[in-house]
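What follows is one structure encoded as structure tokens, with my remarks underneath.
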Protein chains: 2
Amino acid sequence: MADREPAGSPKAAPKDTTSGRSYTVGSVAHALHLIDHVVSGPPAGMSLAELTASMGLSKSSTYALARTLVDHGYLQSVGQPPRYQLGMTLVRLGDHALSAIPLSDICRPVLVKLSQETGLTSRAAVNDNGYPMFIARVDAPGAIRFHTPLGVRELPHTSSAGKAMLASMPAERVQQIIEDSGLPARTAKSITSLADLTADLEVTRQRGFAVDDEEDDPGVFCLGAAFYRFGPEPVGAVSATGIKQDRATRHIEALGRSVRAAADEITQLLTGQETR
Amino acid sequence: MADREPAGSPKAAPKDTTSGRSYTVGSVAHALHLIDHVVSGPPAGMSLAELTASMGLSKSSTYALARTLVDHGYLQSVGQPPRYQLGMTLVRLGDHALSAIPLSDICRPVLVKLSQETGLTSRAAVNDNGYPMFIARVDAPGAIRFHTPLGVRELPHTSSAGKAMLASMPAERVQQIIEDSGLPARTAKSITSLADLTADLEVTRQRGFAVDDEEDDPGVFCLGAAFYRFGPEPVGAVSATGIKQDRATRHIEALGRSVRAAADEITQLLTGQETR
DNA sequence: AACAGTGTTCTGTAATACCGAACAATCCGA
DNA sequence: TCGGATTGTTCGGTATTACAGAACACTGTT
């Protein structure tokens, strides 16, 4: 998020070489921002005019950037007048990047089973310095599609996967992680004090799984459990997500046991056989 | 495919402003090529020195490009000395791009069933001007992992998905597609003449599914069937992939019926309910 | 220790990414 | 049917900056 220009001044800061240089290529940064804007734009895609407005660059420059990205398949322009949306190259690269994480392949069949058992959307995350970074998702057959994209990190203290991982870490490490992330409130129910968090983690340990009761998203309910390979530091966590009102999320104990079992199965797969 | 430079001349063409300008941003193109090199490099990642060698740029320029990509999560540098590999942003973007294609969500459960029935890796592709562009993949539980990334196009005449789609197109349209793609031989068994292709498509029509018998990859066997929405022009195709020698690929008729049934089921889902 | 590799930082300059304006091609409502 | 407003595309000129090259820091090896 710490970026160069908030697209405020049209002429850009002329001499920002104050102290330390940044060693980044400006036009490339512009291009990647362009992609970001397409992502956060409407699904139908964005017109050049819209992109130009959001970029803070001239029309012709935006055009050249978009052309370059289209030429390489990072964007595709559909229709006439063209609307820019994400291209197939990104699908290819994302798939490739995912396949480099053997964990995602290992987790997927387990998640399929978990979703069948619970009727919920189940996901797996790797431990990214205390943050859960999601690398696999399996939607339940009839379930509502959640907006839970892969490749994103959630907060350690508001997600069930995050709390599941924190619960099996020493208090010192938890504090270190929270110092980095802070305890921002995502909803009214979010945990915002270290004392509350440690209490919640203690409950989590005794219960065997973590609960996120509308702490990250209003109306969304999550259960999570961590899995391991060697020491107590968790490798990652699985989570099951549902709507709070659904009857499927009533029997928390039973669902929690399923999540716990799924995590244990992944632990088994990781420690039993060699990953490679 | 029509690209600027095959990275041949190290200094690039200095004055290519001969007739028509290209309207592309050079440094962005460099950055995307850098990503390409990381993709085709070893899974462990590439060092800066290796990248510099493959890029035809100076070390410092390559460094600046890599830094920029790392800053945005397109690459990640692991270890010390750093090795560059694909980053999580690409996972996020790829997932986002895929989710913009509703077909992929519709196909996945059908493919799961198909893989369970056949024990093969099953995939779904959309019709991209006659080329099959793969948007979903489900590996069979115990199956060998094929190198079949999503987001890539296969050739119309060497893939079972491609031939399945061609088989339900008028001869005129087939010819038009083949004029674009040509009939390059991927293996010794590949079809290389239009006469052979039309004969094969006729067999495909009568059989109800397409067969790729080591025509795209030596030792790899594929069955495919197209699915539809409105007219006869297919929307896409499903395919099941296996190793030629496996006993699983013996009973071609039975497997073909499963593939055919899966495709029909998708057609049903597409025509029955509204996609959106 | 000296060396042969790395990756990182620095400076000048030539190239080019950017802007602004003009052009073309649509889609409106009048 | 016609303007008029909006879109996308093309075109020079100039100031910015992306680039090369060399110097620096760092690590492991002979």
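- Remark: P of D:dT17 and CG of B:Leu57 are 19 Å apart, rounded to the nearest angstrom.
- By the side-chain hydrogen bond (donor to acceptor under 3.5 Å, both in side chains) test, B:Ser60 is found to be paired with B:Ser58, residues two or more places apart in sequence or in another chain being considered.
- For B:Ser168, the side-chain hydrogen bond (donor to acceptor under 3.5 Å, both in side chains) criterion is met by B:Tyr228, not counting sequence neighbours.
- Every stem involving DNA chain D, taken as at least 3 paired positions in a row under the Watson-Crick or G-U wobble test at 3.5 Å, is listed here: C:1-4 with D:27-30, C:7-23 with D:8-24, C:25-27 with D:4-6.
- Between A:Glu154 and A:Arg186 there is no salt bridge, since no side-chain N of the basic residue sits under 4.0 Å from a carboxylate O of the acidic one.
- Listed by chain and residue number, nothing satisfies the side-chain hydrogen bond (donor to acceptor under 3.5 Å, both in side chains) test with B:Ser104 (two or more places apart in sequence, or in another chain).
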Give each protein N/O atom lying under 3.5 Å from an N/O atom of nucleotides 4-9 of chain C, with the pair distance.
unit_1	atom_1	unit_2	atom_2	d
C:dG7	OP1	B:Leu48	N	2.8
C:dG7	OP2	B:Ala49	N	3.1
C:dG7	O6	B:Lys59	NZ	3.3
C:dT8	O5'	B:Tyr63	OH	3.1

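- By the salt bridge (Lys or Arg N to Asp or Glu O under 4.0 Å) test, A:Asp95 is found to be paired with B:Arg137, residues two or more places apart in sequence or in another chain being considered.
- When the P atom of D:dA18 is taken as reference, atom CE of B:Met55 falls 14 Å away, rounded to whole Å.
- Put simply, A:Ser58 has a side-chain N or O that comes within less than 4.0 Å of OP1 or OP2 on C:dC19.
- The distance from atom CG of B:Leu65 to atom C1' of D:dT17 is 13 Å, rounded to the nearest whole Å.
- Listed by chain and residue number, nothing satisfies the salt bridge (Lys or Arg N to Asp or Glu O under 4.0 Å) test with A:Arg67 (two or more places apart in sequence, or in another chain).
- Listed by chain and residue number, nothing satisfies the salt bridge (Lys or Arg N to Asp or Glu O under 4.0 Å) test with A:Asp217 (two or more places apart in sequence, or in another chain).
- Listed by chain and residue number, A:Pro149, B:Arg92 satisfy the side chain to side chain contact (heavy atoms under 4.5 Å, CB included) test with A:Val152 (two or more places apart in sequence, or in another chain).
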